Amino acid sequence: MILDCAIVGGGPAGLTAGLYTTRGGLENVVMFEKGMPGGQITSSSEIENYPGVTGEITGMDLMMPWPEQCQKFGLVHEMVEVSRVSKNESGNFLIHKSDGTTVEAHSVIVGTGSTPRRAGFKGEDEFFGKGVSTCATCDGFFYKAKEVVVVGGGDTALEEALYLAKICSKVYLVHRRDAFRSAPNTVQRVKNTSNIELVLNAVPDEVYGDAMGVTGLRVKFKDGSSRDIEVPGVFTFVGNDVNNQVLIQEDGTFLCDMNEQGQVLVDISMRTSVKGLFATGDMRVEAPKQVISAAGDGAVAALQAISYVDEKVSE
Ligand code: FAD
Ligand code: NAP
């Protein structure tokens, strides 16, 4: 049997793609998710920016009903890791599973997400989600009128520092050099912001705290000296790894066009450079990296996949 649509990844993007493809009439749709569906937001202790959802709920609470809603319309979840997506001679896609088997599909929607890099200092993993964060849009509000540290010297770190400076009383921007990777006008805006203090030539050494969460960060300077910054929040923006491995072909090239950061190039309809292949959520170029936008991408891609499959099977 050839699937109408194979969905790779079961986060907000993949699940929404599953809902819209099945409810929109595609019949054989399988979502390949290596773990429990829900995606990275299930690791968040609180989500308060998903429209219509009020009150204190966890990321797990938010995502819990999504798979059941999709299954009602016929989405099948297969718990397996996909190792590769390729195309065969008949113009269909092949989903290569980690158990060595393959499945054929007319269309594919990929939503395998991205993974924020860890900076690698002591206590970072222990306090992740308890004061250490990689998402200012998500967690910045918890530090309203409080002081926070931002780690990094790229565009993300500086833009997020500017965002946090509007919410927090003070932002310490810790960067390991005295020159920034970020665009010059962003650097200037940071320098002109009175409640951002630059802590340069410094690397985080250890984040520490208690049962309630983070209480401070110790940084080490190039000259060997150190400084304790007492803050309840530490935001690290040291780059992101796009989970694009499933698109890498046997010869090492990607199945579709990517940019230099390894993000999938898509148009406004989530179409990649390969017909019938769509990319959604955190893995695509210019992703806002939010649940709402990932879900939106899933819906857009699903509607496109329905048209593509309708046209293809009627040929
Ligand atoms: P993901 O959620 O990353 O889902 C991808 C899925 O694909 C995963 O389930 C993964 O297991 C699966 N997968 C990956 N590779 C394979 C493979 N080879 N085979 C099979 N399955 C695979 N956003 C907000 O809007 N508000 C918030 O408050 C918020 N807080 C956050 C807090 C934290 C701690 C984190 C980490 C993120 C937060 N975000 C928040 C961001 C949000 O979680 C992401 O933008 C969103 O989950 C992206 O959805 P996605 O479907 O693109 O990818
Ligand atoms: P990035 O450009 O790779 O910057 C990562 C930063 O983290 C660098 O300053 C790096 O220091 C620092 N760093 C890396 N590992 C570290 C560690 N272990 N400890 C401490 N510091 C560490 O990542 P990004 O800022 O996420 O940007 C990614 C890409 O997206 C870039 O091309 C960027 O231009 C683009 N982007 C563009 C915009 C925009 O156009 N508005 C916005 C956001 C992102 P060094 O500088 O010393 O290497």
Side-chain angles (χ1 to χ4, degrees), residues 39-49 56-61 113-182 187 190-191 193-241 289:
Q40 52 179 293
I41 191 62
T42 55
S43 70
S44 170
S45 55
E46 200 166 350
I47 177 158
E48 57 178 20
N49 60 0
E56 284 183 18
I57 69 159
T58 64
M60 186 67 91
D61 294 335
S114 74
T115 311
R117 266 180 225 140
R118 299 278 165 107
F121 50 86
K122 264 181 263 162
E124 188 182 21
D125 290 341
E126 185 193 341
F127 285 102
F128 196 80
K130 297 175 203 141
V132 175
S133 171
T134 52
C135 182
T137 328
C138 319
D139 299 330
F141 195 72
F142 301 130
Y143 305 99
K144 191 171 166 62
K146 294 177 183 163
E147 299 192 347
V148 295
V149 163
V150 165
V151 179
D155 279 309
T156 307
L158 270 67
E159 287 182 4
E160 298 305 309
L162 287 165
Y163 172 84
L164 287 165
K166 294 195 188 84
I167 303 168
C168 305
S169 55
K170 182 163 182 176
V171 176
Y172 298 89
L173 181 63
V174 173
H175 179 39
R176 61 186 179 186
R177 295 186 290 138
D178 59 3
F180 294 99
R181 221 169 256 282
S182 181
V187 176
V190 163
K191 287 183 174 167
T193 304
S194 59
N195 64 337
I196 298 181
E197 180 183 329
L198 301 182
V199 182
L200 302 178
N201 297 314
V203 285
D205 180 35
E206 180 172 10
V207 64
Y208 47 83
D210 53 30
M212 299 300 286
V214 166
T215 55
L217 178 76
R218 185 171 313 113
V219 297
K220 274 215 163 132
F221 293 92
K222 272 189 182 155
D223 64 8
S225 61
S226 62
R227 173 179 171 185
D228 281 274
I229 309 174
E230 286 175 17
V231 286
V234 175
F235 289 85
T236 58
F237 302 107
V238 295
N240 252 285
D241 293 320
K289 300 203 170 70

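Keep in mind the model is a prediction, meaning the values are calculated, not measured.
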* Taking all non-hydrogen atoms of both residues, which atom of Pro116 and which atom of Ser114 are closest, and how far apart? -> CD-O, 4.0 Å

* Does a side-chain heavy-atom distance below 4.5 Å link Phe237 with Leu158? -> no

* Structure fact -> Contacts of Asp61 meeting side chain to side chain donor-acceptor pair (under 3.5 Å) (sequence neighbours excluded), chain-then-number -> Thr58

* Asked: Applying salt bridge (charged side-chain N to carboxylate O under 4.0 Å, His left out), which residue pairs with at least one partner in residues 146-159 are found, sequence neighbours left out?
  -> none

* **Those residues that, when tested against Phe235, pass ring-ring contact (aromatic ring centres under 6.0 Å, His included) (two or more places apart)** => Tyr143

* What pairs with Asp178 under side chain to side chain donor-acceptor pair (under 3.5 Å), at least two apart in sequence or on another chain? -> none

* To do: Using the test side chain to side chain donor-acceptor pair (under 3.5 Å), find all partners of Ser194 that sit at least two apart in sequence or belong to another chain.
  => none

* **Residues that Arg117 engages under side-chain contact (heavy atoms from CB on, under 4.5 Å), provided they are two or more places apart** => Val238, Asp241

* Asked: Is Val149 close to Val207 at the side-chain level, that is, under 4.5 Å between some pair of heavy atoms?
  -> no

* Structure fact -> Tightest non-hydrogen contact, residues Thr215 and Gly209, listed as OG1-CA, 3.3 Å

* To do: Can you establish whether the number of heavy atoms outside Lys220 located under 6.0 Å from its atom NZ is more than 12?
  => no

* Asked: When rounded to the nearest 0.5 angstrom, what is the spacing between CG in Leu200 and NE2 in His175?
  -> 7.0 Å

* disulfide bond (SG atoms under 2.5 Å apart): which pairs involve residues 193-229, sequence neighbours left out? -> none

* Structure fact -> Contacts of Lys122 meeting side-chain contact (heavy atoms from CB on, under 4.5 Å) (sequence neighbours excluded), chain-then-number -> Asp205, Glu206

* Asked: Mind checking whether Val190 and Phe180 have side chains closer than 4.5 Å, heavy atoms only?
  -> no

* To do: Output the distance between atom NZ (Lys170) and atom CD1 (Ile196), rounded to the nearest 0.5 Å.
  => 11.0 Å

* To do: For residues Val187 and Ser182, report the shortest heavy-atom separation together with the two atoms involved.
  => CG2-O, 3.8 Å

* To do: Under the side-chain contact (heavy atoms from CB on, under 4.5 Å) rule, collect the residues that match up with Glu48, sequence neighbours excluded.
  => Glu46, Phe141, Phe142

* Structure fact -> Here the pair of heavy atoms bringing Ala157 nearest to Val150 is O-CG1, 3.6 Å

* Asked: Do you know which two heavy atoms are closest between Gly216 and Val214, and how far apart they sit?
  -> N-CG1, 3.6 Å

* Asked: Between atom OH of Tyr172 and atom CG of Leu217, what is the distance when rounded to the nearest 0.5 Å?
  -> 11.5 Å

* To do: Check side-chain contact (heavy atoms from CB on, under 4.5 Å) between Phe128 and all other residues, then give those that pass, not counting sequence neighbours.
  => Arg118, Val132, Thr134

Side-chain donor-acceptor distances from residues 160-168 under 3.5 Å, at least two apart:
none

* Partners passing side chain to side chain donor-acceptor pair (under 3.5 Å) against Thr193 (at least two apart in sequence or in another chain) -> none

* Structure fact -> One should read off an interatomic distance between Cys135 SG and Ile47 CD1, to the nearest 0.5 angstrom, of 9.0 Å

* What's the shortest heavy-atom distance between Arg227 and Glu197, and which atoms? -> NH1-OE2, 2.9 Å

